[in-house]
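To start, the structure itself, in structure tokens.
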Amino acid sequence: MMNNVLIKDVPQEERPRERLVKYGAKNLSTSELIAIILKTGTKDYSSKYLASEVLKLVNNVTDLKKLSLGKLININGIGAVKAIEFLAALELGRRVYEQKPLDNNLKCNSAYKIYKYFSSELACEKQEYFYCLYLNQQKKLIDKKLLFKGTLNKSLIHPREIFKGAYLSSAAYIICVHNHPSGNVIPSSEDINVTENLVKIGNLQGIPVIDHIIIADNNYYSFYENELIRR
């Protein structure tokens, strides 16, 4: 059985690491790449066997990004350390190929422009992510911060964290961005309550919240464009 064939029993030229050195990473199978990330197996299971067990959890390679820590740890032979290292490698790869670098010349004067900036980053997320964009007087991007994860509600969205970031970056304006994994971009009553609260605090602090943009699969909703925020 495959799980009884340990890496040390595989001819050296057929081992994943040696094949990568000889042929390059592009010419390895997905299973071989995963085996390298997992590094070692156990006394009962080879890293190649564990890699095949990881692949059984998904329909295709793009679904690997949906794997959770819990699912990986449930595989006999993959503990917390291997699971964490594997998820870290996936996230690094995603950032290398998908994430847009911070563009300090990005002028945030269009909700559609911000939607396009965030769409690939948030499109496949299964929980809500709440970002703040901090802008200078010319509405150019100074910084962006992921501040909260989970269902949006007033008890989780702490204004002090939002405005602390504004003070630290000397921001003149704030735009809030969060996603709706459901695909429906229409704001909930809680979305509206949170936004109204932040707008009031921003006006008092002299750092206006000038928009709140909700992003879903192929659409967005702007509080400013729908006249729920006035500048």
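Remember, it's a predicted structure, so these values are computed and weren't measured experimentally. What's counted below: heavy atoms across the whole structure, side chains too, no hydrogens, waters or symmetry copies. When a residue number appears, it is its place in the shown sequence, counting from 1.
The minimum heavy-atom distance between Lys113 and Lys107, with the atom names listed, is NZ-O, 3.0 Å. For the residue pair Leu64 and Leu90, the shortest heavy atom distance occurs at O-CD1, 3.4 Å. In plain terms, the two heavy atoms of Asn136 and Ala172 that are nearest each other are C-CB, 3.8 Å. Shown here for Asp211 and Ser222, the closest heavy-atom pair between the two residues is OD2-OG, 2.8 Å. Scanning both residues, Leu133 and Cys108, for their nearest heavy atoms gives CD1-SG, 4.3 Å. Annotation for Glu225 and Ala111: closest pair OE2-CB, 3.5 Å, computed over non-hydrogen atoms.
The distance from the CD1 atom of Ile84 to the CD1 atom of Ile78 is 12.5 Å, given to the nearest 0.5 Å. Here the CG atom belonging to Asn60 is positioned 4.5 Å from the CG atom belonging to Asp63, to the nearest 0.5 angstrom. The OG atom of Ser29 lies 7.0 Å from the NZ atom of Lys48; values are rounded to the nearest 0.5 Å. Rounding to the nearest 0.5 Å places CD1 of Ile114 at 3.5 Å from CD1 of Ile175. Separating the OG atom in Ser188 from the CG atom in Asp191 is a distance of 3.0 Å, to the nearest 0.5 Å. Rounding to the nearest 0.5 Å gives a distance of 5.0 Å between CG of Asn218 and OH of Tyr115.
Atom CZ of Arg231 is surrounded by more than 12 heavy atoms from other residues, nucleotides or ligands within 6.0 Å.
For residues 26-36, every residue pair satisfying the salt bridge (Lys or Arg N to Asp or Glu O under 4.0 Å) rule, not counting sequence neighbours, is listed here: Arg19-Glu32.
Geometric assessment of Lys144 against the ring of Phe118 yields a positive cation-pi assignment under the 6.0 Å and 45° thresholds. Both the sub-6.0 Å distance and the 45° axial angle are satisfied by Lys139 relative to the ring of Tyr173.
Taking Phe163 as the reference, nothing meets the ring pair (Phe, Tyr, Trp, His ring centres under 6.0 Å) condition, with sequence neighbours excluded.
Ile210 and Tyr224 fall into different hydrophobic clusters, where Ile, Leu, Val, Met, Phe, Trp and Tyr are joined by side-chain heavy atoms under 4.5 Å apart, directly or via other members. Connection of Leu146 to Ile213 is established within a shared hydrophobic cluster, with ILVMFWY side chains joined at heavy-atom distances below 4.5 Å, either directly or through further cluster members. Under a hydrophobic clustering in which Ile, Leu, Val, Met, Phe, Trp and Tyr are joined whenever their side-chain heavy atoms come within less than 4.5 Å, directly or via other members, Tyr23 and Ile37 fall into different clusters. Criterion: ILVMFWY side-chain heavy atoms under 4.5 Å apart, direct or through other members. Under it, Leu69 and Leu57 are part of a common hydrophobic cluster.
In this structure, the ring of Tyr221 has its center less than 6.0 angstrom from the ring center of Phe223.
The side-chain heavy atoms of His178 and Lys149, taken from C-beta on, include no pair separated by under 4.5 Å. Counting heavy atoms from C-beta outward, Asn197 and Asn193 have side chains that stay 4.5 Å or more apart. Contact check for Tyr134 versus Ile174: side-chain heavy atoms found under the 4.5 Å cut-off. At least one side-chain heavy atom of Phe86 sits under 4.5 Å from a side-chain heavy atom of Ile34. Residues Leu122 and Tyr131 have side chains in contact (heavy-atom distance under 4.5 Å, counting atoms from C-beta outward). Using a 4.5 Å heavy-atom cutoff, the side chains of Arg17 and Val21 are not in contact. In this structure, the side chains of Leu72 and Leu87 come closer than 4.5 Å at one or more pairs of heavy atoms. Taking the side chain as every heavy atom from C-beta outward, Val209 and Cys176 approach each other to under 4.5 Å.
Between His158 and Phe148, the ring-plane angle classifies as perpendicular under the 30° and 60° cut-offs. Ring-plane geometry between Tyr45 and Tyr49 is classed as parallel, the angle between the planes falling under 30 degrees on a 0 to 90 degree scale with a further cut at 60.
With side-chain heavy atoms closer than 4.5 Å counting as contact, directly or through intermediates, the hydrophobic cluster containing Leu28 also holds Leu20, Leu33, Ile36.
Glu85 has no carboxylate O lying under 4.0 Å from a charged side-chain N of Lys82, or vice versa, which leaves the two without a salt bridge.
Between Phe130 and the choices Asn179, Ile162, Val177, the side-chain contact (heavy atoms from CB on, under 4.5 Å) rule is met once, by Ile162.
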| query | Can you check side-chain contact (heavy atoms from CB on, under 4.5 Å) on Ile215 and Val185, steps first, answer last? | reply | CA-CA 6 Å; Ile215 292 174; Val185 295; over 6 Å; no

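Side-chain atoms of Asp44 and Thr42 include no donor-acceptor pair closer than 3.5 Å.
Without hydrogens or angle criteria, Asn203 side chain to Val199 main chain gives a donor-acceptor distance under 3.5 Å.
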